[in-house]
Visitor: 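I am attaching a structure below and will ask some questions about it afterwards.
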Amino acid sequence: MKASELLDQIHSTLLQRVSNSLARGTDAREAFGGELQQFFSSLERAMASGNPGWLDDVLVQWTSSPTLTELQQKKNNVAELLNKIIAITNDVAIEYLPEEDALDLLTTVTPIYTYALEKIAHLETEARVAYVSAELTKVQRKLERLDQSKSSFISIAAHELKTPLTLIEGYASMLRDIVAHDADPQADVLLTGVNLGIQRLRQIIDDLIDVSKIDNDLLSLNLQPTSLGKLLRLLRLGLEPVVSERHLELAVRDFPGSELWIYADSERLHQGFRNLLENAIKYTPDSGSIIVDGRTLPGFIEVTIADTGIGIAPENQTLIFRKYSQAEPSLHSSGRTKFKGGGPGLGLPITRGIIEAHGGTIWVESPGCDEVKCPGSTFHVLIPIRTEPQDPKLAKLFGRLQKEQSQPDAQEPPSANPPAA
Ligand code: ADP
């Protein structure tokens, strides 16, 4: 007798035993009865034809069927169910068939069951990967939506805060005029405090608006002929009072490319480099040094800002360029230049946004963070050497600048408009 006919003989007993072995309520068993029936019919066909592929449909159905998922209560899987079916087939064949027939049946069915087990392992892995990646996509979408609404909220709140802040500024200025007449020195001190607070608040609001612009790709650049050397020296000059107050050395070296006129947004670069220098000042103890140097690379000018400060741990060297992240969360917002003054963690993300909007890049190198040994940090900034203006009207002017640039005593261009420090 053929093996498939032998299976047919024990078909109903097999079905009954497998169904009984499913440790679930009668309803669920009945619901699954049809699927088991289909399985054994396909198994018979596979045995008759010698093609185990007859089982594919039912196996695919099982691995994706929610009924089955319910039956297996998540802890069991289809492979476990199939192992149960294999064991029961062995038992029933031995119990109900003569020894030789049982051997025939099991010899034929074993390779088909092996195929089914392999197929299930493959399908289950695929289903699990698909499920996990769908869950990840869902979580990612949720996070993106959350980030978007956070960004919109911050942008709206920052814009809303600007109006009352302008009012406070106006009234404080009027008050200062009145107080000036009365010549009360104490009131003057108090008003200076109010003004400092206003300035700081304005800075934070402006930073929040910049961050939301960068988040939404709305940071527009006003490219004008810019000399990085001039810009950095201007910054050095503006920071002179705090540098001497903190007994720091802040040196801006002449480096190859520092006097090159390139198209860049000088105001935005000024803002970005100011953040870097203020950080260098903030995280370098008194009497330390900060050296600004650089070089030209193919297509880029590299500026480095090296300090002898507390340094940055390797695990934080990428993190600090993300919004609202500080290498040391315990820092509080106490000032822009005080040693370890802390802040809202917006400076570096804004600087990165500005540099990247130029087509450049920024990164930091530091042996680690150590407040006693002070290993220091070096920030690297690459700015593309852009010699073509965006605005064709500026092309004529820049042509002249390029000629002047090649002469030894190049003059400052009439259109270059470096910001005041
Ligand atoms: P903030 O200074 O407002 O906290 P930033 O975005 O400017 O925010 O800097 C993020 C963090 O990076 C800082 O809190 C600090 O931990 C770290 N950091 C930045 N620059 C330096 C530096 N030169 N030396 C050591 N740590 C730095």
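Remember, predicted model here, so these are calculated numbers, not experimental data. Atoms within each ligand, like the ligands themselves, are counted from 1 in listed order.
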Visitor: Any idea which part of I312 is under 4.0 Å from ligand 1, heavy-atom wise: side chain, backbone, both or neither?
Guide: side chain
Visitor: Spell out, as yes or no, whether a donor-acceptor pair under 3.5 Å connects the side chain of S227 to the backbone of S258.
Guide: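 A pair under 3.5 Å: yes.
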Visitor: Sequence neighbours left out, what pairs pass side-chain hydrogen bond (donor to acceptor under 3.5 Å, both in side chains) with at least one residue falling in residues 346-361?
Guide: N275-T351
Visitor: Going by side chain to side chain contact (heavy atoms under 4.5 Å, CB included), name the residues that satisfy it together with E135, two or more places apart in sequence or in a different chain.
Guide: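 Listed in chain order: Y131, K138.
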Visitor: Could you check whether any heavy atom of K282 sits closer than 4.0 Å to an atom of ligand 1, since that is the contact criterion I want to use?
Guide: yes
Visitor: Do the charged groups of D254 and R233 touch, with an N to O distance under 4.0 Å?
Guide: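 A salt bridge is present here (some side-chain N lies under 4.0 Å from a carboxylate O).
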Visitor: For ligand 1, which part of D307 has a heavy atom less than 4.0 Å away: the side chain, the backbone, both, or neither?
Guide: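 Contact part for D307 vs ligand 1: side chain (C-beta onward).
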Visitor: Check ligand 1 against G311 and write out every atom of the ligand that is under 4.0 Å from a heavy-atom position of the residue.
Guide: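 Contacts of ligand 1 toward G311, numbered from 1: 25 (C).
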Visitor: If only atom types and distance count, is the side chain of E169 paired as donor or acceptor with the main-chain N or O of I198 below 3.5 Å?
Guide: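 Answer holds: no.
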Visitor: Below 4.0 angstrom from a heavy atom of G347, which ligand 1 atoms are there? Numbered from 1 as shown, please.
Guide: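 Heavy-atom distances to G347 below 4.0 Å select 5 (P), 6 (O), 7 (O).
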Visitor: Is there a heavy atom of F321 sitting under 4.0 angstrom from any atom of ligand 1?
Guide: no
Visitor: Any N/O of P349 closer than 3.5 Å to an N/O of ligand 1?
Guide: no
Visitor: Only heavy atoms count here, so choose which of G309, S366, G345 is nearest to atom 3 (O) of ligand 1.
Guide: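 When every heavy atom of G309, S366, G345 is considered, G345 comes closest to atom 3 (O) of ligand 1.
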Visitor: Determine, for D215 against K150, whether the closest basic-nitrogen to carboxylate-oxygen distance falls under 4.0 angstrom.
Guide: no
